[in-house]
**Q** 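What follows is a single structure, and I will ask about it in a moment.
All heavy atoms count here, side chains included; hydrogens, waters and symmetry mates do not. Each chain gets a letter, A, B and so on, in the order the sequences are listed, and its residues count up from 1.
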There are 2 protein chains.
Amino acid sequence: MASGAAYSRFVDRKPHELLWRRLSRLAGLAEGALSDQERSMIRQTCAAPGEVPAGAALYVEGEPLKKPGVLLAGWACRLRLLSDGRRQIFDFLLPGDLFGHPLGPEPFATTSAVTLTTVSIAGTGCLWEMVREPDRFPGLVRALAVAQARQQAGLLDHVVRLGRQTAQERVAHLLLELGHRLDEIGFPLGTYVPLPLTQEVMADALGLSVVHVNRTLQQLKRDRLIETRATSVRLIDPVALATIADFRLPPGRPAGS
Amino acid sequence: MASGAAYSRFVDRKPHELLWRRLSRLAGLAEGALSDQERSMIRQTCAAPGEVPAGAALYVEGEPLKKPGVLLAGWACRLRLLSDGRRQIFDFLLPGDLFGHPLGPEPFATTSAVTLTTVSIAGTGCLWEMVREPDRFPGLVRALAVAQARQQAGLLDHVVRLGRQTAQERVAHLLLELGHRLDEIGFPLGTYVPLPLTQEVMADALGLSVVHVNRTLQQLKRDRLIETRATSVRLIDPVALATIADFRLPPGRPAGS
DNA sequence: CGGTTGGTTGACTGTGTTCAACGCATGTGG
DNA sequence: CCACATGCGTTGAACACAGTCAACCAACCG
């Protein structure tokens, strides 16, 4: 089931190799989906990564999206603030994820994005070329489109969580989603994997209070469904969790490839 | 403020003219954004509209999206069912809205879509051409991209409603969103506009129980914020509603055009 | 007519919130 | 090295918003 075990961890290798691997999978599962030109483009993009500290904004709601990028290491999230201070987190950006690309022809950010850990990013300039000259990079454009479609699908899952699931189901569902995404970048499902989220962050993502997230996590631990260490979790029984959460694997990812 | 008053109602005119008008606005606000070729394409698309009864599925989650279309009259919604029968509605399709277009290169529906009223649709075959030969219809492709970006933005609003707003705020926010979308197609904000939603449908959209939707609507009526008739509503005080709901107008729509 | 669909109301329950306090680790400056 | 502050997790008690269950009504329709 866990397909990522065969890969070394995303963060353990040279960034451009891993990014290439990931974009290839996104672009079409065939490893030859990207041209040599695109491959060198990726290398160039990763040449000078930048560091961003935790808690910094990658971009802000309403501002023009002028700096598309790739997350090479660390976590971030997309969110919106209400006028009275309430906060809603839409989704999380993990290593290998693209961000800051406009969806339509209107290049304005519909959310803000904030780093949750120290983060290493690449691509501020190079990826911009790609967006403006799509014909030269068909594989990359395809990978970008797939990534955006996935993000969209993730949003739909999130709506279901918030609209129709209980606290336990929400937490289980989110952990499974993150677990599977981490599995794809080299942290096998069922082992201890990084989860650099405070309970407050989880609360703001799941539409719950911090206190209730805390109690719900404790319940999952008591039921021997998960284990936690400092900033990592282990999903002890992903199948039982999936049953609780009504979790369905996203399509397009054959089990044994 | 209400910009739609200058237009006749979407459903009162010849479908292709109104669709052309709407797509022009989406494509770039300038009325000349669509070519003659595209205009005739639109006419051709609307030539043989089909009727679909209420409660029918336009497409089903997981199936390949082979029939893109346009809603010419009536309402529909996109939704997903949980395995135990719970239901979550993601958004609503109003006259003039496009549906069934794949987002990425993977042409599988991520939701189901169901009609809420009798519905008139067009484009099953013609729009498919457009998607396959985007170079011949640049304006239409642009309009489609803008429409999808808007739908995406609507989903973000929906996440905020479900995650961080109270029942009253949710109802007010949804009514405002629909009110503004109806305004765009010729039903001025502040007047009686059609709202063919049962309270159960609103409940499944807003993540509430039917009973609670009922009580919340009554409260809004008692506070003289809305009035309802058989299947229509009037937003008596949109400004007060917007304050309650922390509602922000989507950008890209100048106030007086 | 009786059946159905959608809306309304009341009483009761419960899931999740709020408020407040405390523990614990980490960091920092005197 | 200690005093203090800060961030995060944990716990308890009281409360409230919203859900559930059940009954009833009105309109519509075959």
Side-chain angles (χ1 to χ4, degrees), chain A residues 53-55 75 82 84-89 114-118 161-174 194-222 226-233 244-245, chain B residues 53-56 75 77 82 84-89 114-118 161-174 194-222 226-233 244-245:
Chain A
W75 288 46
L82 302 210
D84 63 354
R86 281 177 286 183
R87 198 170 71 150
Q88 178 62 49
I89 292 175
V114 170
T115 57
L116 297 169
T117 66
T118 303
R161 278 197 289 256
L162 294 173
R164 280 294 175 238
Q165 299 202 285
T166 65
Q168 223 196 26
E169 293 167 333
R170 292 184 206 189
V171 173
H173 199 283
L174 178 62
L195 191 81
L197 306 180
T198 66
Q199 294 181 351
E200 188 178 359
V201 167
M202 295 189 74
D204 283 333
L206 296 174
L208 299 169
S209 66
V210 199
V211 174
H212 203 58
V213 166
N214 182 301
R215 296 197 228 264
T216 307
L217 284 171
Q218 287 182 54
Q219 187 59 50
L220 291 176
K221 288 180 211 165
R222 255 179 270 129
I226 65 171
E227 282 173 343
T228 63
R229 284 188 202 149
T231 59
S232 55
V233 213
I244 288 176
Chain B
W75 288 47
C77 68
L82 301 209
D84 62 354
R86 280 176 288 183
R87 196 170 74 149
Q88 178 62 50
I89 292 175
V114 170
T115 57
L116 296 170
T117 66
T118 303
R161 276 197 290 257
L162 295 173
R164 280 290 176 243
Q165 296 202 288
T166 65
Q168 223 198 27
E169 292 167 334
R170 291 184 208 190
V171 172
H173 200 283
L174 178 62
L195 192 81
L197 307 179
T198 67
Q199 293 181 354
E200 188 177 1
V201 167
M202 294 189 72
D204 283 333
L206 296 174
L208 300 168
S209 66
V210 199
V211 175
H212 203 61
V213 167
N214 183 301
R215 296 196 226 264
T216 306
L217 284 171
Q218 287 182 52
Q219 186 60 50
L220 291 176
K221 287 179 212 166
R222 254 178 272 128
I226 65 170
E227 282 174 343
T228 64
R229 285 187 202 150
T231 58
S232 55
V233 214
I244 289 176

**Q** Which listed nucleotide (C:dG7, C:dG16, D:dG19) is nearest to the side chain of B:L208?
**A** D:dG19
**Q** Rounded to the nearest Å, what distance is computed from the NE2 atom of residue B:H212 to the P atom of nucleotide D:dC21?
**A** 17 Å
**Q** Could you tell me whether B:G55 contacts a base, only the sugar-phosphate backbone, or nothing, with contacts defined as non-hydrogen atoms closer than 4.0 Å?
**A** nothing
**Q** Of the candidate nucleotides C:dT18, C:dT8, D:dG19, which contains the atom at the shortest distance from the side chain of B:R215?
**A** D:dG19
**Q** With rounding to the nearest 0.5 angstrom, report the CG to OG1 distance, A:L116 to A:T231.
**A** 12.5 Å
**Q** If the cut-off is 4.0 Å, is B:Q218 near the phosphate of C:dG7, judged by side-chain N/O to OP1 or OP2?
**A** no
**Q** What is the distance from atom NE2 of A:H212 to atom CG of A:L217, rounded to the nearest 0.5 Å?
**A** 10.5 Å
**Q** Provide, to the nearest angstrom, the distance between the CG atom belonging to B:L217 and the C1' atom belonging to C:dT8.
**A** 12 Å
**Q** How many whole angstroms separate atom CG of B:L197 from atom P of C:dG7?
**A** 10 Å
**Q** Are OP1 or OP2 of D:dG7 and a side-chain N or O of A:Q199 less than 4.0 angstrom apart?
**A** no
**Q** Give the rounded distance in Å between these two atoms: CZ of B:R222 and P of C:dT8.
**A** 11 Å
**Q** D:dG9, C:dT18, D:dC21: which one has an atom nearest the side-chain heavy atoms of A:S209?
**A** C:dT18
**Q** Crowded around A:E200 CD? As in, over 12 foreign heavy atoms under 6.0 Å?
**A** no
**Q** Tell me: CG of A:L162 to C1' of D:dA18, nearest whole Å?
**A** 16 Å
**Q** If I compare all heavy atoms of B:P194 with all of B:W75, which pair ends up nearest, and what's the gap?
**A** O-CZ2, 3.6 Å
**Q** Under 4.0 angstrom, heavy atoms only, what part of the nucleic acid is A:V211 near: base, sugar-phosphate, or nothing?
**A** base
**Q** Out of C:dC19, C:dT9, D:dT10, which nucleotide sits closest to the side chain of A:N214?
**A** D:dT10
**Q** From NZ of B:K221 over to P of C:dG7, roughly how many Å is that when rounded to an integer?
**A** 9 Å
**Q** What is the distance, rounded to the nearest whole Å, between atom CG of B:L206 and atom P of D:dC17?
**A** 18 Å
**Q** Applying the side chain to side chain donor-acceptor pair (under 3.5 Å) test to B:T166, which of B:E169, B:Q168, B:R164 qualifies?
**A** B:E169
**Q** How long is the line joining CZ of A:R161 and P of C:dG16, in whole Å?
**A** 15 Å
